[in-house]
Structures are given as structure tokens and as C-alpha cells.
Protein chains: 2
Amino acid sequence: MPWRDGAGAPWLHGKFKGCGYRMTMPRQIILDVLSGTADHLSAEDVYHKVHNAYPSIGLTTVYRTLELLVHIGLIYKFDFGDGRSRYELAEGSKSDRHHHHLVCTGCGRIIDYTDFIDEEIELLKKTEKGLSEKYNFKITNHLIQFYGLCDRCQNK
Amino acid sequence: MPWRDGAGAPWLHGKFKGCGYRMTMPRQIILDVLSGTADHLSAEDVYHKVHNAYPSIGLTTVYRTLELLVHIGLIYKFDFGDGRSRYELAEGSKSDRHHHHLVCTGCGRIIDYTDFIDEEIELLKKTEKGLSEKYNFKITNHLIQFYGLCDRCQNK
DNA sequence: TCTTTTTTGAAAATGATTTTCATTTTCATT
DNA sequence: AATGAAAATGAAAATCATTTTCAAAAAAGA
Ligand SMILES: [Mn+2]
Ligand SMILES: [Mn+2]
Ligand SMILES: [Zn+2]
Ligand SMILES: [Zn+2]
């Protein structure tokens, strides 16, 4: 990520202001944290990571900012069944980093996978088209998760 | 549902006892409630419905039973983003009542759809096979949801 | 019936998220 | 640079779905 010095990616300023929001330090850092990891962070995870660079951050602001980022569409919010929401940077279905999840019901491990996505994307496109027409439903997003046991959890 | 008189489907007794659990009145009624609706009930929804036939029911028991039913695999637990878990009778991917969901982010409406499932199922099967092998992950279930705006919510 | 194990319900506890509210920051205008 | 309105922030309190505790009731077995 070339744009250091705490400025965050420049085009994001526009994204925020365009929606009538201000690009503030807490928001930048929170976004930086989410941009800098492939993990699926909880609000408190984010809070702790941000705290390093910006000790005065409040957990409330983290929650508010995450909600905002989800609303703007910059991040995704997930429920993997462990009682807290988890977030990751949004990568549209065109991006080569777009992925779906395997969720281990044994240990809670989350595995990102991008394999087989091509076919999935194609089917998804077709399905979304059909559903949009039949139910007059404007689809903006999809969620696909597989549940099961990871290698570790299978062997006892 | 032919087996009334509060007995519940007979084969369920076996299902319960086979797992070392007892088929009690609260459990039967809770299962009956979920069998008798296509809605996506919250724990409290279930509690209220059960209360008619069994006024002494406790909310705690509802939570415990729902958890048990999910564990046994008789019902599914969903998070549609409204802050409470919702449940529905499990219909395996073979069943003709198996379906996926459209979730309206505007009003929270949930639409069941079975259309286009055939192709989805086929792809899912292939995908699951591939993922199982590559990640050595034993897949037992999947979740597919589409988010967007329902007809009502689109027109302002 | 007697005994053991499971289930149940009320009340209290938990804990993630939201709300409140006074203070601080931002940003467009003087 | 100073000003003022609007937006953003953080600490503390409130919410509220879900879980835990614990003593009493129900079920299975001998
Ligand atoms: Mn991911
Ligand atoms: Mn459904
Ligand atoms: Zn695992
Ligand atoms: Zn709607």
C-alpha cells in the first residue's frame, strides 16, 4: 500500500465526501487496519489494533465507523456463529480477491477460498438475473458459506 | 400433518432417543410450531406460539430446545441481520422444499425461493467435492443468501 | 416404589452492541 | 486567522438477546 503517512488511499476521500461524510483520522486508521489484514476481525479486534496507532480511539467510534463502512459498501459484515460480528474489506465479485468462506463448526476456523469461483460467479449471475425478474428483487450482494469440519477437527 | 393429539411425528421419538435425548412435551410442541409454519421465527416468536398450547413453557427451555434441534439437525438457524437468530424446519437439499433466501435490506422481508435450485445444487455438489479435496474439509451444510431490495422497497 | 439422570423454569448474569450527551473536530465563511 | 454551524468522538449508561445458575419436577430403570 503506497499511500502511507496516515493519508489512506486518496480516492477514498472522494468516496466519503461524496456521501456527505468526512474522512477523519479514526476512519482512516480503521480502514487501514482492515486493508492490512486478511483476517476476519471483530469490532474489538479492530479496536485493539487501532489503539496502537491511535490510543485515544473509543470502542463506540469503532462500532459506528464499521457500521458506516458497511453502509458505504467498503467492508462486509459477517456472522460466523461465534456471537460477534466480523468484518473484512469488500472485494466485489469482479476483484480477483473476491472469495467465499468455509466455516469449521468444530473450532471456528474460517478459510477463504477463491477456487471454483468462476463457475460460481457465472451461475450466480444467471440466478440473480432470474430471481430479479421473477420476484422483482434488486439484488446487490450475495453470501455463500460452507459449513463443516476442517482437517484438524476431523481427526478427533 | 396427520399425527395430531400432541404426539408429533412418530419417527422423531426414535431420532431423539437415538441421540440419548428424551422426547418431552415442550420439545414436541416447539417442533410442531416450527413444522406448522413457513415463517422464520425467532426464539421469542416460538415462545409466544408455544405458549398457547403449553402456557407453562419457559423462554429458557425454548432457547435450549432450539439449540438442541439445531444440533440434531432438525432445524436450521439463520442470521438475517436483525439482531436475533431465526429458525426454520430443516429440509435437506434433496427435499423439494429445500430453498434459499432473498433478504430485503430495506424492510427485512425474507423470500424463500426454490427456483434455479437445480442448477445451484449441481454446482454446489461439484464445488463441495472440489473444496473437500483441496482443503480436506468435510462439508456438511451450506448457506446461500441474496441481499437487495424487494419490490416494495425499490419504489421509494 | 425407590433411585438416578435428565429436563425444566425463574431469576440473575453475561456480553456484544446501541444510546445518550457533553466535548471536540471539521470545514465553509467571514 | 477567527467564527459558527454541523458532524464526529469518547465515556458512561442503557439495551436486550442469549446464557448460566440452581432448586424443583419429570422421565427412565430396576
Ligand atoms: Mn474472508
Ligand atoms: Mn426459509
Ligand atoms: Zn476446525
Ligand atoms: Zn423490502
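So that the names make sense, note that chain A is the first sequence line, chain B the second, and so on, each numbered from 1. Every heavy atom of this structure was used, including side-chain atoms; hydrogens, water molecules and symmetry mates were not.
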Novice: Expressed as a whole number of angstroms, how long is the span from A:Phe16:CZ to D:dA6:C1'?
Specialist: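 Distance, rounded to whole Å: 18 Å.
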
Novice: What is the distance, rounded to the nearest whole Å, between atom CE of B:Met23 and atom C1' of D:dA27?
Specialist: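 Interatomic distance, CE of B:Met23 to C1' of D:dA27: 14 Å.
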
Novice: Specify the separation, in whole Å, of atom OH of A:Tyr21 and atom P of C:dC27.
Specialist: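 One finds 16 Å between P of C:dC27 and OH of A:Tyr21, rounded.
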
Novice: Rounded to whole Å, please give me the gap between CG in A:Leu59 and C1' in D:dT9.
Specialist: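 That distance rounds to 13 Å.
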
Novice: Where each residue is assigned the nucleotide of DNA chain D containing its nearest heavy atom, which of B:Arg64 and B:Thr24 is assigned the position nearer the 5′ end?
Specialist: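 Mapping each residue to its closest nucleotide by heavy atoms, the 5'-most match is B:Arg64.
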
Novice: Within the pair A:Thr61 and D:dA8, is there a side-chain N or O less than 4.0 Å away from OP1 or OP2?
Specialist: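 No, outside the criterion.
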
Novice: Could you check whether B:Tyr54 gets within reach of a base, just the sugar-phosphate, or nothing at all, counting any heavy atom under 4.0 Å?
Specialist: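 Sugar-phosphate contact only - B:Tyr54 comes under 4.0 Å of backbone atoms but never of a base.
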
Novice: Provide, to the nearest angstrom, the distance between the NZ atom belonging to B:Lys77 and the P atom belonging to D:dT19.
Specialist: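 Rounding to the nearest Å, NZ of B:Lys77 and P of D:dT19 are 6 Å apart.
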
Novice: Please report the distance, rounded to the nearest Å, between CD1 in B:Ile57 and C1' in D:dA26.
Specialist: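 From B:Ile57 CD1 to D:dA26 C1': 14 Å.
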
Novice: How are the rings of A:Phe78 and A:Phe80 set to each other: parallel, tilted or perpendicular (split at 30° and 60°)?
Specialist: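 Correct class here is parallel.
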
Novice: Below 4.0 angstrom from OP1 or OP2 of C:dG9, is there any side-chain N or O of B:Thr60?
Specialist: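 For C:dG9, OP1/OP2 do not have a side-chain N/O of B:Thr60 under 4.0 Å.
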
Novice: Between the base of C:dT26 and the side chain of A:Arg22, is there a donor and acceptor pair under 3.5 angstrom?
Specialist: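 Answer is yes: a donor-acceptor pair is held.
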
Novice: Using whole Å, report how far CE of A:Met25 lies from C1' of C:dT25.
Specialist: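 The answer, rounded to whole Å, is 11 Å.
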
Novice: Testing the basics here: between A:Cys104 and A:Cys150, what is the closest heavy-atom pair and its distance to 0.1 Å?
Specialist: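 Nearest pair, atom of A:Cys104 first, then A:Cys150: SG-N, 3.3 Å.
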
Novice: Below 4.0 angstrom from OP1 or OP2 of C:dT17, is there any side-chain N or O of A:Tyr63?
Specialist: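 Answer is yes, contact under 4.0 Å.
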
Novice: Which nucleotide sits closest to the side chain of A:Ala43: D:dT18, D:dT9, C:dT17?
Specialist: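 Closest of the options to the side chain of A:Ala43: C:dT17.
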
Novice: Mind checking who C:dT29 pairs with, Watson-Crick or G-U wobble, both distances under 3.5 Å?
Specialist: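 Per the H-bond distance test, D:dA2.
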
Novice: Indicate, with a heavy-atom threshold strictly under 4.0 Å, whether A:Gly83 touches base, sugar-phosphate, or nothing.
Specialist: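 Contact class for A:Gly83: sugar-phosphate only.
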
Novice: More than 12 foreign heavy atoms under 6.0 Å from CD of A:Glu67: is that the case here?
Specialist: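 Check fails, neighbour count at 12 or below.
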
Novice: Please name the pair of heavy atoms, one in B:Thr114 and one in B:Asp96, separated by the smallest distance, quoted to 0.1 Å.
Specialist: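 Scanning both residues completely, I find the closest heavy atoms to be CG2-O, 4.4 Å.
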
Novice: Any side-chain N or O of B:Arg27 less than 4.0 Å from the OP1 or OP2 oxygen of C:dT7?
Specialist: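 For B:Arg27, the contact criterion (side-chain N or O under 4.0 Å from OP1 or OP2 of C:dT7) is met.
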
Novice: Over how many whole Å does the gap from B:Arg84 atom CZ to C:dT18 atom P extend?
Specialist: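 After rounding, the gap between these two atoms is 13 Å.
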
Novice: Regarding A:Ser42, tell me which of base, sugar-phosphate or nothing describes its non-hydrogen contacts under 4.0 Å with the strands shown.
Specialist: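 No contact.
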
Novice: Charged N to carboxylate O under 4.0 angstrom, A:Asp151 versus A:Arg109?
Specialist: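 A salt bridge is present here (some side-chain N lies under 4.0 Å from a carboxylate O).
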
